[in-house]
Amino acid sequence: MMIAAIGSPHTNSDNPVKSLPDWWGTGSARMRSLAPSARLACGALVFATCLVSPVPSTPGICIGGGAVIGWVALCGLPRRRLLALGLYSMALFLPLFLLTPWLACAGPARGNPWLVAAEIPLAMSLRGTACVFVCAATMAVFDMADFGAALGAAPLPRILKQILMQIAHQTAMLTNESQRIAAAVKIRGLPLGMACKLRFLPALPTIWLLRIMNRAERIAAAMDMRGFESFSRSSSAGFSLLDGLAVTSALLVLGASISIRWLHA
């Protein structure tokens, strides 16, 4: 697949992982033995389970947390990446708790207003953290070619498939371009003082955008000349019994989460 050949983020497995797109295809080989469409379906179902699970209730945390832990363990994310994801989630969601004083003032006066108000950012943080881990684990059991094949078999509108594939491809390409710019700046001698670095930062978007625009034009011209088609026609003939069992298990977990939410309501 041409997208896998153009700007693939995982061209050298010996390099250390520096960014999220570098995680494509680094997960468990056992999960990669499943069909790409089965992997994508399981990841989507676990993601939906995290969104549906009622938090911060105990049953919702148990079913959602169990689904996330099981999926991450099956996908085989290393411990150092789990730590990096945990730090990223903390930096992303801890600021939500700064809203607690305003929520306590606007919320109903029942029990401890601070604890009642903290339930809202707590639920958002737990759901968001779970979704971050699920997305990273799902990325780890795909490479670009497998992801394109999974999208090609998915029952989605063609325009949506193309948008999702381009998001994955462009994210990887932009990340690689940013790393190359940083390396070039470092080689040319970045000023050591903080004030000099701050004066240098406004020029980076211009450099970055010009390089990306030129590369996008070259890629578009090459794809147009070769009559490139985004997705190959795929069928469900390769969908094995193991794939069916994996998708059924994910569906059962989602059904249990929906049942708990209905009973909790």
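The model shown is predicted, which means the values in this text are computed figures rather than measured ones.
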Not counting sequence neighbours, list each pair that qualifies as a side-chain hydrogen bond (donor to acceptor under 3.5 Å, both in side chains) and has a residue in residues 63-78. Trp71-Thr138
Between Ser249 and Val253, is the side-chain contact (heavy atoms from CB on, under 4.5 Å) condition met? List the steps. CA-CA 6 Å; Ser249 301; Val253 174; 5.7 Å; no
Tyr88 with Met124, same ILVMFWY side-chain cluster at under 4.5 Å: yes
Under the side-chain contact (heavy atoms from CB on, under 4.5 Å) rule, collect the residues that match up with Arg30, sequence neighbours excluded. Ser28
Would you say that Leu126 contacts Ile61 through its side chain, given a criterion of any heavy-atom pair below 4.5 Å between the two side chains? yes
Using the side chain to side chain donor-acceptor pair (under 3.5 Å) criterion, which residues pair with Thr49? Sequence neighbours excluded. none
What's the separation between atom OG1 in Thr248 and atom CG in Leu241, rounded to the nearest 0.5 Å? 9.0 Å
Shared hydrophobic cluster for Leu242 and Phe142 (ILVMFWY, side-chain gaps under 4.5 Å): yes
Donor-acceptor contacts, no H, no angles, side chain residues 127-136, under 3.5 Å, sequence neighbours left out:
from	atom 1	to	atom 2	distance (Å)
Arg127	NE	Leu51	O	3.1
Arg127	NH2	Ser53	O	2.9
Thr129	OG1	Ser125	O	2.8

With a 4.5 Å limit on heavy-atom distance, are the side chains of Asp243 and Val247 in contact? no
Salt bridge (charged side-chain N to carboxylate O under 4.0 Å, His left out) pairs touching residues 38-55, sequence neighbours excluded, are Arg39-Asp146
Quick one: side-chain contact (heavy atoms from CB on, under 4.5 Å) partners of Leu156, sequence neighbours excluded? Ala154, Leu160, Lys161, Leu164
